[in-house]
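We count residues from 1, following the sequence as given.
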Amino acid sequence: MIHEKDLVFTLHTTWTSYILRVNETNHLEHLYYGRRIRTTDHIEALFDKHTIPTGNAVAYDEEHPTLTLDNICLEYSGYGKGDHREPAILFSRAQGDRVADFLYKEHRIIKGKPRSFSGLPESYGDKTHCTTLIIVLIEKSGGLRLELTYTTFDGSDVIVRRSAITNDTGETVVLQRLASLQLDLPRSTYDLVTFDGAWARERYRSVFPLRPGVHVNDSKSGTSSSRHNPCVFLTARKTNENQGDCYGCNLVYSGDHAQFIEVSPYGKTRLLTGLNPATFSWQLHSGEKFHAPEAILTYSHEGLNGASRNFHRFINNHIIRGSWKYHQRPILVNNWEATYFNFSEHTLLTLAKSAADLGIELFVLDDGWFGSRDDDTTSLGDWTVNTKKLPDGLASLSKKIHGMGMLFGLWCEPEMVSRKSQLYRAHPDWMVSLPDRNPSPGRNQYLLDLTRKEVRDHLFESLSTVWRLAEVDYVKWDMNRTFSDMHGNAASYRQEEFLHRYMLGLYDLMQRFVDAFPHILFESCASGGNRFDLGMLCYMPQTWTSDNTDALSRMYIQEGTSCGYPLSAMGAHVSDSPNHQTLRQSNIESRFNVASFGVLGYEMDLSRLQGQEKESIRQQIAFYKLHRSLFQ
């Protein structure tokens, strides 16, 4: 619910209130975000008081000599008018001028949530779930129009924020930063909670007290990254899992991101989230509009668990979509750690029969089924069946798997190409690389240029043919390297725009696939959990949490992941002991106890199980099926 009175805007969800106003200089002033306020009478008590000037602070103008933008909680800050904190927007005009002073122009309140049609993934909700406030700001010199959108999702206690800028100046403007969300809080006694790590050590929870200055949580790898997830929390001191003030923020985006958390000299806290300005620049021509990704914001007085529950409800209700929303996910077996690249149809069918006998519902054929792929140096991009391993083809294998009463799934890595491949030989210009330089490999592979429509068209046609012929029910979409040598061969845009245009191309391709194959259960993967984010979850309802399946490691990985994401989004497998990543030994019960808190799978050679271990797995699967709706 949203209402406005005397240009004071009050946004209510079931348990929270968010209040802002247009102040005397026509800037948007943030007044309050926290537990729901029953009445907004006498709201002037929350207004900023500025009766005396502050030292060497810059006054906004001569008519307001005691008002400095540097010590007001603002909704969206510019640069060059006295606010010396991190700005939400940075741009330069043709002559190099960068001063930005956005003032209130108009607003409207509408039921529901309008789509942006920006090519970016976004949340959704109808008139029964949400209300939207759109505030329009105009840059004081004219010609730049900024739209700030706030959508309240009542039942989830979440506010979705986004920003968009339109250039009507008559000249080209270079956009260097456009934050999706700014949250200014009047105090700074918070702990910052981030989720950090690396390959096989994703999203370990880090907690540390805020100090004066700027803390940056970001990714410059081309992905949302295992290094620093875009989900962050601010918790009041002494907040625990179940009580205390907790603010949560996340971004609906899968590429480079940045969260700036700044404590000002006056003890206020600013949180910004959005595209990473270190790797982003955009040439905005006159008449064009640019949309920043959506950001989601929540508050709970019930500690980290309260904020996490809000996120879980929101993601399950307003991010996940399609036929697998609320649908119980199948228990799978993946052949990767059982066979790696060395398999035949006979070994696959032996594994599948053992899995079916234990009650497993989905068989997934991982890497090595295509081209001449016997190791990781070749064939990415050649999405045709490897007839040496599968002489009767995928359709025959799929039919036999289906005949055992199981679904059939397939691994692929659409965004990648090997130099040893027919695709590279035919289209070397489709590979992302700098002219006249040797590109840096990652896992012996290279990126395809998804900014180009012909590349996306080729991938859609080649993979669609395979999935239809093989009657595929599940696709594991992998992405096993980060970005380097960023350069597109298209001449239609500046190279500084490559990373964001790549993401727009990726989202376009995934949308085409999910539209064409609504029955397929897609699981995203990026060398494990290197792209576990809300952007991917808009297309694929679950994500491979980590390549590390060790039970002890997974306790930390899954705990950190669950702070921002529901268990139904987390792929979790029982694997061999000793574990293939850590060499740690653990019993079959411990491995299951951890893996059951997610979408359960098995990644081991089930055909070699001994009697007691085989019976344990049979009982585990029966137990998980009985309680699956609770676990997921």
We want to know whether Asn579 and Thr549 form a side-chain donor-acceptor pair, criterion being a heavy-atom distance below 3.5 angstrom.
yes

What one should report as the nearest heavy-atom pair of Gly488 and Phe498 is N-CD1, 3.7 Å

side-chain hydrogen bond (donor to acceptor under 3.5 Å, both in side chains) assessment of Ser77 paired with Arg270
CA-CA 10 Å; Ser77 61; Arg270 172 167 291 175; 3.0 Å; yes

Side chains of Arg85 and Ser264: any donor to acceptor distance under 3.5 Å?
no

Using only heavy-atom distances, determine whether the side chains of Asp196 and His228 contain a donor-acceptor pair under 3.5 Å.
yes

Charged N to carboxylate O below 4.0 Å: is that the case for Asp478 and Lys476?
no

Establish, yes or no, whether the cationic atom of Arg456 lies under 6.0 Å from the six-membered ring centre of Trp430 and within 45° of the ring axis.
no

Non-hydrogen side-chain atoms of Asp605 and Thr339 separated by less than 4.5 Å:
no

Is there a donor in the side chain of Tyr624 and an acceptor in the side chain of Gln632, or the other way round, less than 3.5 Å apart?
yes

Indicate whether any N or O donor in one side chain lies under 3.5 Å from an N or O acceptor in the other, for Ser156 and Asn317.
no

Take atom NZ of Lys420 as the centre, draw a 6.0 Å sphere, and report whether it contains more than 12 heavy atoms from other residues, nucleotides or ligands.
no

What about the rings of Tyr253 and Phe280, do their centers lie closer together than 6.0 Å?
no

Evaluate the ring planes of Tyr247 and Tyr190, with Trp represented by its six-membered ring, and classify them as parallel (under 30°), tilted (30 to 60°) or perpendicular (over 60°).
perpendicular

Verify whether one side chain among Thr298 and Asp157 offers a donor that lies under 3.5 Å from an acceptor in the other.
no

With sequence neighbours left out, what residues match Glu241 under side chain to side chain contact (heavy atoms under 4.5 Å, CB included)?
Arg205, Leu304, Asn305

Option from Asp245, Thr16, Thr13 for which side-chain hydrogen bond (donor to acceptor under 3.5 Å, both in side chains) with Tyr299 holds:
Asp245

Ser524 versus Thr543, side-chain donor and acceptor atoms under 3.5 Å:
yes

Using a 6.0 Å cut-off, check whether atom CD of Gln243 has over 12 heavy atoms from anything other than its own residue.
no

Residue set satisfying side chain to side chain contact (heavy atoms under 4.5 Å, CB included) with Ala200, at least two apart, ordered chain then number -> Asn548

Where is the tightest heavy-atom contact between Ser219 and Ser224, given as atom of each residue plus distance?
CB-O, 3.7 Å

Would you say Arg237 has more than 12 foreign heavy atoms packed within less than 6.0 Å of its CZ?
yes

Minimum heavy-atom distance between Ser546 and Ile557, given as atom pair plus value
OG-CD1, 3.7 Å

Distance (rounded to the nearest 0.5 Å) between Ile296 CD1 and Ile315 CD1:
5.5 Å

Distance from Leu410 atom CG to Asp473 atom CG, nearest 0.5 Å?
10.5 Å

With a 6.0 Å cut-off on the ring centroids, do Tyr204 and Phe195 count as close?
no

Nearest heavy-atom contact between Asn229 and Asn217 is O-ND2, 3.0 Å

What I'd like to find out is whether the side chain of Gln620 reaches to under 4.5 Å of the side chain of Ile588, using heavy atoms alone.
yes

Ring-ring centroid check Trp336 Phe341, cutoff 6.0 Å
yes

Between OG on residue Ser586 and CZ on residue Arg554, distance to nearest 0.5 Å:
12.5 Å

Do Arg162 and Ser118 have a side chain donor and acceptor closer than 3.5 Å?
no

Axial cation check for Phe260 ring with Arg177, 6.0 Å and 45° limits:
yes

Pair Tyr424 + Tyr446: ring centers closer than 6.0 Å:
no

Sequence neighbours excluded, the answer for ring-ring contact (aromatic ring centres under 6.0 Å, His included) partners of Phe623 is His627

Give me the ring orientation class for Phe233 and Phe311: parallel if the planes are under 30° apart, tilted from 30 to 60°, perpendicular past 60°.
tilted

Plane angle bin for Phe513 and Phe522 - parallel if under 30°, tilted between 30 and 60°, otherwise perpendicular:
tilted

For the pair Tyr18 and His30, name the ring-plane relationship: parallel under 30°, tilted 30 to 60°, perpendicular over 60°.
perpendicular

Paired with Ser226, the side-chain hydrogen bond (donor to acceptor under 3.5 Å, both in side chains) test is passed by just one of Thr482, Asn530, Asp547, namely Asn530

Please check if any side-chain donor atom of Ser254 sits under 3.5 Å from a side-chain acceptor atom of Tyr507, or the reverse.
yes

What class does the angle between the rings of Phe290 and Trp282 fall in, given that below 30° is parallel, 30 to 60° is tilted and above 60° is perpendicular?
tilted

If you measure from the Lys or Arg side-chain nitrogens to the Asp or Glu carboxylate oxygens, is any gap between Arg628 and Glu361 under 4.0 Å?
yes

Sub-4.5 Å side-chain heavy-atom contact between Val193 and Cys563
no

Charged N to carboxylate O under 4.0 angstrom, Arg373 versus Asp367?
yes

Does a donor on one side chain and an acceptor on the other come within less than 3.5 Å for Thr273 and Gln259?
yes

Rounded to the nearest 0.5 Å, what's the gap from OG1 on Thr189 to NZ on Lys238? Could you check?
11.0 Å

